[in-house]
Asks: 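Take a look at the following structure, please.
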Amino acid sequence: MTKSSITLDDMKINVPKRKVILGNSVIQVVKLILNVLDTTWLIIKEFKYKMERERHVHLDIYYTRIVDALLLKVKILHLSVLIATYDNAPFIQALESLSQLLKAKSTEAEKKLEEINQQLKEYNDTGPEFETLKEVYKSLIHKIQATKDDINRIQNN
């Protein structure tokens with residue numbers, strides 16, 4: 001292998017780690033922005049409710065626009081993260097492949113369930129004989145297990 005292919009393999013391994021680091025960084029930035037929004041809201045409340053409102057109308061409008069701008073920036077950041085995460089052809093192909101696998105497994109499970117339900121219906125249609133056989137079989141299994149336990153106990157002593 002050449003040095004560049006080894007480096008490329010190393011980079012491929014580091015991509016998921018870097019995505020996690022990016023996600024954590026985005027979370028920290030969003031928390032910081034939300035903290036700034038909370039502080040800004042506290043300032044707005046201070047001027048809005050405790051001081052004369054007429055004197056601070058312009059300040060109120062200014063802070064309201066700051067809050068709106070910060071909320072829009074958070075939404076843009078959120079959309080950027082979603083686009084960066086899901087706007088990747090190999091990732092989309094992997095999701096589609098996984099979806100097909102899950103659909104196939106679901107179809108297979110539905111067929112098995114249908115077969116089992118049909119078999120159960122046949123058993124139930126046999127009437128009280130099936131219930132009697134079931135109870136006798138259950139009792140026999142318990143007796144066999146109890147006998148095995150007794151044999152193990154005797155062998156261990």
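Sequence positions, counted from 1, serve as the residue numbers for this chain.
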Asks: Quick one: CG on L37 to NZ on K73, what's the gap to the nearest 0.5 Å?
Replies: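 Answer for the CG-NZ pair, L37 versus K73, is 11.0 Å.
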
Asks: Ignoring hydrogens and geometry, is there a side-chain-to-backbone donor-acceptor pair from N35 to K31 under 3.5 Å?
Replies: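 Checking the backbone N and O of K31 against the side chain of N35, no donor-acceptor pair under 3.5 Å is found.
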
Asks: Check the pair K121 / D125 against salt bridge (Lys or Arg N to Asp or Glu O under 4.0 Å), numbers first and verdict last.
Replies: CA-CA 6 Å; K121 184 178 180 282; D125 287 344; 3.5 Å; yes

Asks: V36 and I27: same hydrophobic cluster, using ILVMFWY side-chain contacts below 4.5 Å?
Replies: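 Per the 4.5 Å side-chain linkage, V36 and I27 are not co-clustered.
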
Asks: Taking atom OG1 of T40 and atom CD1 of I33, what is their separation to the nearest 0.5 Å?
Replies: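 CD1 of I33 is found 11.0 Å from OG1 of T40.
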
Asks: Checking S99 side chain against L95 main chain: does a donor-acceptor pair fall under 3.5 Å?
Replies: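 Absent.
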
Asks: I need the single residue from V67, L72, I66, D68 that forms a side-chain contact (heavy atoms from CB on, under 4.5 Å) with L70. Which is it?
Replies: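 Filter result, single survivor: I66.
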
Asks: With rounding to the nearest 0.5 Å, note down the distance linking CG in N152 to OG1 in T147.
Replies: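 Going from CG on N152 over to OG1 on T147, the span is 11.0 Å.
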
Asks: For side-chain hydrogen bond (donor to acceptor under 3.5 Å, both in side chains), just list the numbers for D149 and Q145, CA-CA rounded to whole Å, side-chain angles, deciding distance to a tenth of an Å, and then say yes or no.
Replies: CA-CA 6 Å; D149 291 342; Q145 186 62 41; 3.2 Å; yes

Asks: When clusters are formed by joining ILVMFWY residues with side-chain heavy atoms under 4.5 Å apart, either directly or through shared neighbours, do Y62 and W41 land in the same one?
Replies: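 In one cluster with Y62: W41, yes.
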
Asks: Counting only heavy atoms not in E135 (residues, nucleotides, ligands), do more than 12 fall under 6.0 Å from its CD?
Replies: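 Enclosed.
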
Asks: Hey, are the side chains of K112 and E108 touching, using non-hydrogen atoms and a 4.5 Å cut-off?
Replies: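 In short, these two side chains touch, coming nearer than 4.5 Å.
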
Asks: Roughly how far, to the nearest 0.5 Å, is OG1 of T39 from CG of L34?
Replies: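 That separation rounds to 10.5 Å.
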
Asks: How long is the straight-line distance from CD1 of I83 back to CD1 of I76, given to the nearest 0.5 Å?
Replies: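 Nearest 0.5 Å value for the CD1-CD1 distance: 10.5 Å.
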
Asks: Drop me the distance from L22's CG to S80's OG, to the nearest 0.5 angstrom.
Replies: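 L22 atom CG to S80 atom OG measures 10.0 Å (nearest 0.5 Å).
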
Asks: Does E131 come within less than 4.0 Å of K134, counting only side-chain N to carboxylate O?
Replies: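 Counted as a salt bridge, because a side-chain N and a carboxylate O are separated by less than 4.0 Å.
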
